[in-house]
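Notes to accompany the following structure.
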Amino acid sequence: MVAVIKKISILHRLKNIVTKTRRMLSWRAKIKDEHVNAFDARDIQQDIYNHTKNIKHNTYTPPYIELAAQLLVNEQQIFEAAATKLTTIAKSRKKYANEIKSIFTEVIAGRKLSEEKINYLNAKIDEI
């Protein structure tokens, strides 16, 4: 699961970069020189709006996956905040509880964590 979290966070970043680049290139290609009249500007804005409106998101990523990537950060404060938020999600949404517990156990088993972080995650697993 930790590997999946890393892949999804990397894919999410790449998707944002590609989307921004695509938008930039689509309107930039229409500009022949640095001067744009009002009609061209309106057409560029309309094309960008139509393009972003037609993007279809056919995959579903649970809301906690991107948050779980923060468990891999070395900073204690970010780690604890992510664990606390994931615990809150698991307590409020029972359908995610087992997956969040398995993420916590995989993070404990798969990474060399300090004793403090291991105890913190074990406490959060017990709290769920």
[X] [atom1] to [Y] [atom2] distance, which is reported to the nearest 0.5 Å:
X      : Y      : atom1 : atom2 : result
Leu121 : Lys101 : CG    : NZ    : 13.5 Å
Ile100 : Leu67  : CD1   : CG    : 8.0 Å
Thr88  : Glu127 : OG1   : CD    : 7.5 Å
Ile128 : Ile89  : CD1   : CD1   : 10.0 Å
Glu115 : Asn119 : CD    : CG    : 4.5 Å
Glu99  : Ile65  : CD    : CD1   : 7.0 Å

Side-chain heavy atoms of Ile108 within contact of Asn122, under 4.5 Å: yes
Student check: side-chain heavy atoms of Phe79 and Gln70 closer than 4.5 Å: no
Common cluster, Ile125/Ile118, ILVMFWY with side-chain heavy-atom separation under 4.5 Å: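 Yes, Ile125 and Ile118 fall within the same hydrophobic cluster.
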Any donor-acceptor N or O pair under 3.5 Å, side chains Ser114, Tyr120: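 No, no side-chain donor-acceptor contact under 3.5 Å.
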Over 12 non-hydrogen atoms of neighbours within 6.0 angstrom of CD in Glu116: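 At most 12 heavy atoms, drawn from other residues, nucleotides or ligands, come within 6.0 Å of this atom.
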Flag, side chain of Lys117 to backbone of Asn74, donor-acceptor distance under 3.5 Å: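 Between the backbone of Asn74 and the side chain of Lys117 there is a qualifying donor-acceptor contact (under 3.5 Å).
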Lys124 to Phe104, cation-pi by 6.0 Å centre distance and 45° axis angle: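 No - Lys124 does not lie over the ring of Phe104 by the 6.0 Å and 45° rule.
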